[in-house]
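Okay, structure first, notes after.
To find a chain, count down the sequence lines: A is the first, B the second, and so on, and within it residues start at 1.
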Amino acid sequence: MTYLARIGRQPWLWAWIAALTVWLATALFTGGQGAAEVMSAATTFGAFFVIVALGQMFVITLGPGNVDLSIPATMTLAGTVAMKVMDGANAMIPVGFLLAVAVGLGVGAINYGLIRFLRIPPIIATLSSSFIFQSAAIWYNRGLRIKPPEALADFATAKILGVPVLAVVVVLLAVVMHFVLVRTVYGRGVIAIGQNQRAAHLAGVPVERTRATTYVMCAVFASCCGYVLGAFSGGAALNMGEEYLLSSIAVVVIGGTSVAGGYANVPGLWGAALFLFLLVTMLNTFGAGAGVRLVLTGLIIIAVIVAASGGRKRDG
Amino acid sequence: MAVPSGSAAELDGVDKSFGAVRALAGVSLALHNGECLGLVGHNGAGKSTLMNVLAGVLVPDAGRIAVGGTDLTGRFDAAAAHQAGVRCVFQELSLCPNLTVAENARIIHPAIRGIGWRRQARDLIEGQLDKVFPGHGIDPDTLVGDLSIARRQMVEIARAFSVTESPARVVILDEPTSSLDTVVAGQLLDFVRRYVSDGGACVLISHLLGEVLSAADRIAVMRDGGVVALDRASAFDRGSLVAAMGSVAEERGIEAAASKRASGAPVVRAKPKAQSDAVELIAHRGEVVGLAGLSGHGQTDLIVQVFEGSGGAEVSGAVALVAGDRQSDGVFPLWSIAENISIGSLRRFLSGLLLDRGGERTFAEDWRQKIGIRTPDVSAPILSLSGGNQQKALFARALGSAAEIVVMDDPMRGVDIGTKQEVYAMIRDEAAKGRTFLWYTTEMDELRNCDHVYVFRDGVIAADLARGEMTEEKVLHSSFRADA
Amino acid sequence: MIARVLTPRAIRSALPVIALAVILVAIFWLQPRTMSYFGLNLLLNLAIPIALATIAQMFILCVNDLDLSIGAFVSLVACITATWLHDSPLLGTLALAGLVLVYAGVGALIHLRNLPSIVVTLGMSFVWLGLAVLVLPTPGGKAPEWIRALMTLKPAYVPFPIIASVLIAGVVHFALMRSAYGTVLRGAGGNPKSLERAGWSMLKIKMTMFALAGFFGVLSGMALVGLTTSADANIALRYTLLSIAGVILGGGEFVGGRISPVGAVVGAIVLTLAGSFLSFLRLNPDWQIGAQGAILIIVLALRVLISRAEARP
């Protein structure tokens with residue numbers, strides 16, 4: 001019974017309930033037709049959101065002011081570099097992947113370097129570096145769309161019994177990251193820093209090492225996402241990361257992670273990612289246009305943050 | 001000139017508690033027009049709380065407040081206080097660093113407006129600065145953030161005395177000279193005398209007893225949330241003030257224990273950054289070393305230096321810290337009691353790459369019993385505990401770690417007496433087992449648990465007392481400057 | 001005397017102007033034809049809407065918040081200007097005034113519930129973009145004649161963009177830096193606690209600052225349509241990042257109410273010119289936004305170096 005009560009207090013539950021409700025509403029409207037296909041599509045597209053949101057979640061958990069705005073540019077850069085180097089050859093798939101990871105490591109190191117050594121606030125640091133990464137991506141392949149290796153594209157779009165393989169992989173990744181968050185010394189450090197950086201330092205948490213790891217990890221996830229997304233959509237496009245800037249933050253917030261830092265959860269990411277995609281599908285089914293869809297998304301984000309702030313009013 | 005007599009401000013039976021701590025216990029104090037009232041007392045005596053009540057920043061739990069003969073009880077807040085002419089120079093400066101000196105004057109004077117407001121504001125603050133600190137050399141167009149701390153304090157003081165619409169009837173100066181040099185401090189005290197001789201009223205809080213004795217007409221001594229002595233300044237001298245501030249309990253002699261310093265190298269050696277002579281803090285294995293003095297005189301900085309091993313501190317062994325300011329330095333508010341305890345020694349629970357939660361829980365449960373944290377369940381949120389029990393959890397965090405050296409930053413703030421006794425016993429116990437403690441405390445009683453005491457003043461070690469020579473009077477004397 | 005003028009502090013506050021001078025000289029040197037009335041007009045035209053959006057962002061940053069929605073907002077304004085304001089001026093005016101009120105409301109919400117401005121404005125950016133799509137589903141519309149006429153003014157001797165920039169910087173500088181109430185607004189960024197202690201309402205101040213941001217966002221959208229003659233829902237999305245960069249480049253800081261209207265306008269112009277500079281260099285135009293990022297990092301790095309020099313006199 002206490003177990004049930006504890007489950008009821010989990011903030012990630014709401015994202016899942018919302019996702020399920022929206023899915024059922026869609027299914028009701030269509031009389032159940034295509035409900036399975038919708039879910040399958042949702043898990044595929046949701047997977048991409050979840051990969052980047054995992055990194056963003058760790059960054060945001062570090063506390064106020066911490067957010068990575070360079071995710072879209074990192075995705076584009078990693079995607080274009082990997083696609084061009086692989087040049088459609090199946091044999092180059094591992095090389096391409098390693099390159100994408102290397103791009104992520106480099107980007108993360110640069111971001112953290114700007115934050116630490118030039119003492120630039122994270123938002124501005126990741127913003128200005130993203131301009132450079134975006135340019136580098138444009139310059140590197142001059143807007144050509146190079147097809148991904150066939151085997152990689154097959155993997156990215158493969159389904160087993162109607163379940164996208166990619167979604168399964170990302171679910172496993174999420175499980176791993178869940179354990180990293182709650183069961184490792186590093187994860188505890190991140191949460192401690194987000195609650196109170198000074199207290200974390202005085203309790204013996206290696207603050208700077210933890211922050212560096214987090215920014216690098218976030219960039220690596222973004223570049224992996226760029227790699228897979230490029231394979232999935234038949235090549236890296238220069239604007240492929242665009243919608244991931246705001247969405248990565250939205251997924252984290254709707255998923256129940258505290259924007260003030262110090263509290264995070266992984267299951268909510270999947271719930272929120274599915275919800276965002278299913279909401280779009282539902283509104284499309286209802287015949288609502290892109291405009292209504294966007295307005296509703298925005299209002300829902302604001303409603304979530306107001307609800308999450310609960311009576312935490314400004315005192316005095 | 002006729003000096004208006006009568007009551008400038010009156011506090012009657014003011015009571016204020018923070019949780020279990022009664023900061024003010026029915027204080028009554030009258031301030032007359034044309035007088036400067038000195039207010040002295042040791043840490044936690046209630047001076048600042050009382051002045052925050054008078055300034056309208058804190059609402060008392062009980063008691064009446066009147067300013068200028070008008071009873072304002074029940075509708076008294078910061079704005080009403082300002083309206084009634086109460087001005088306050090707080091210890092934490094309240095200027096906007098991104099504005100100029102003149103612009104800061106405008107913030108508290110809405111009457112300065114319209115075309116030419118800038119000149120009015122500049123003239124007002126410059127005129128006032130000239131009156132209080134002749135030859136101050138402060139350009140009213142400088143950004144406050146670019147001024148030295150001393151000059152910021154001068155601006156803050158001048159701003160408090162400046163007048164547009166509402167009068168400056170009562171001015172509260174809380175440690176106004178803490179960052180001023182002697183010449184400028186002298187100017188301020190001279191001005192205060194002129195101000196009160198023109199009929200103003202002033203409350204002066206200072207740890208420099210000489211300053212209070214020379215500038216005040218009357219002196220009130222506070223202790224444990226009450227006024228214990230109130231008389232003409234001429235009726236006091238340094239010695240009698242210190243005596244009045246001290247505790248009533250009879251001075252217990254401390255049995256001189258065998259010094260642990262005879263043999264071996266020290267495990268901690270550290271020196272405050274401002275210390276120019278050769279004095280340094282030394283701690284040996286198994287010692288409890290006290291850091292005393294008024295709060296904010298450099299003890300916390302040295303504690304942090306030792307914790308970080310920075311600033312040239314030589315430390316042999318791992319260090320754990322017990323925070324005193326629980327909210328800003330210690331507690332992780334979103335976590336359970338168990339998580340708050342185990343963060344100090346996480347590596348111990350690693351099995352492979354993952355933390356063993358069962359082990360963590362057992363460990364926390366052990367410490368709950370050992371240190372007596374009053375909760376049925378260590379997985380309850382830390383904020384469900386009272387302040388004292390939260391503090392016990394912080395002790396458990398440090399004592400449960402493998403660190404051989406434990407530094408404590410005034411850890412007993414707001415802790416009830418029963419808990420204190422339990423913790424004292426535990427510290428002595430751990431010290432006997434060979435742990436070393438550095439213990440910054442603002443409470444005289446706690447120093448009795450120490451083998452050696454360093455008294456801090458103005459950021460440096462002012463006295464170095466072995467257990468046998470430590471008395472309350474000696475600590476007080478070293479805390480308050482002898483030459484002022 | 002020179003030593004007095006060349007303090008690290010003075011150099012730091014002159015950084016944006018130095019950056020502007022460097023980039024202008026470089027452009028003139030590479031392409032002397034730009035050093036003419038029409039050249040400057042062409043070069044600086046698009047700086048006007050960006051400068052206005054940067055000023056809007058500056059009001060928000062001044063009270064220690066951040067607006068991630070300004071780009072979407074300017075897009076929405078552009079769409080409304082090119083449709084409603086063109087077709088029925090009264091409806092258009094009412095809609096734009098309503099938007100300014102919504103901005104003030106967002107400020108109130110953030111203050112009263114103590115919400116992180118980043119998330120609230122992130123949500124608002126979706127709302128603005130959605131509304132923009134609803135107002136103008138496909139690119140099009142037409143700029144009202146009078147705006148078009150204003151934006152293509154050809155005054156004698158001095159090109160219009162220069163006059164406009166000076167005007168914008170001057171007016172905002174006077175209102176925020178020189179007026180009595182502007183001082184209170186800035187003080188709210190520096191020490192909100194002390195302001196409340198002195199009897200000012202932080203709610204009113206936040207609402208005022210957000211409303212001002214909304215107002216300048218409206219001006220930015222209108223100016224943009226005046227230049228492009230038609231609108232589209234995505235027309236100004238990149239203004240969000242550009243405006244933040246512009247304020248910081250112009251000497252503003254993230255917290256503490258340290259901002260500079262003149263610096264913000266200069267910062268916006270520098271960022272606009274960075275693109276043209278590269279094309280004159282015959283370097284790849286791909287590096288346009290990269291150059292904006294690089295300039296930002298260089299200026300911030302210089303600022304850190306100067307502050308270090310300042311700390312060790």
For this session: Sort out for me which of G189(A), A203(A), G194(A) touches chain B most, counting heavy-atom pairs under 4.5 Å.
Result: A203(A)

Distance-only check: which donor-acceptor pairs of chain A and chain B lie under 3.5 Å?
unit_1, atom_1, unit_2, atom_2, d
R183(A), O, L355(B), N, 2.7
R183(A), NE, L355(B), O, 2.6
R183(A), NH2, L355(B), O, 3.0
R188(A), NH1, E360(B), OE2, 2.7
R188(A), NH2, E360(B), OE1, 3.2
R188(A), NH2, E360(B), OE2, 3.2
Q195(A), OE1, L334(B), N, 2.9
N196(A), ND2, Q327(B), O, 3.2
N196(A), ND2, S328(B), O, 3.0
R198(A), NE, D329(B), OD1, 2.8
H201(A), NE2, E308(B), OE2, 2.7

Exercise. Is the count of non-hydrogen atoms from other residues, nucleotides or ligands lying under 6.0 Å from F349(B) atom CZ greater than 12?
Worked result: yes

Seminar exercise, completed: Residue from G344(B), P333(B), A403(B) scoring the most non-hydrogen pairs under 4.5 Å with chain A is P333(B)

For this session: Can you sort out the partners of I123(A) under side-chain contact (heavy atoms from CB on, under 4.5 Å), two or more places apart, ordered by chain and number?
Result: V67(A), L69(A), L66(C), I118(C), F254(C)

For this session: Name the region of L394(B), side chain, backbone, both or neither, that has any atom closer than 4.5 Å to a heavy atom of chain A.
Result: neither

For this session: For N111(A), check side-chain hydrogen bond (donor to acceptor under 3.5 Å, both in side chains) against everything at least two apart and list the hits.
Result: S70(A), S129(A)

Exercise. Of the backbone (N, CA, C, O) and the side chain (C-beta and beyond), which part of V304(B) lies under 4.5 Å from a heavy atom of chain A, both, or neither?
Worked result: side chain

Exercise. Which residues pass the side-chain contact (heavy atoms from CB on, under 4.5 Å) test with A212(A), sequence neighbours left out?
Worked result: Y112(A)

For this session: Sort V180(A) into side chain, backbone, both or neither according to what part of it lies under 4.5 angstrom from a heavy atom of chain B.
Result: neither

Exercise. Which atom names give the shortest non-hydrogen contact between G261(A) and L334(B), and what distance separates them?
Worked result: O-CD1, 4.0 Å

Exercise. Relative to chain A, which segment of L354(B) carries a heavy atom at a distance below 4.5 Å: side chain, backbone, both, or neither?
Worked result: both

Seminar exercise, completed: Greatest number of non-hydrogen atom pairs under 4.5 angstrom with chain A, of L346(B), V331(B), L350(B), falls to L346(B)

Problem set entry | Which atom of L202(A) lies closest to which atom of F307(B), heavy atoms considered | O-CZ, 3.2 Å

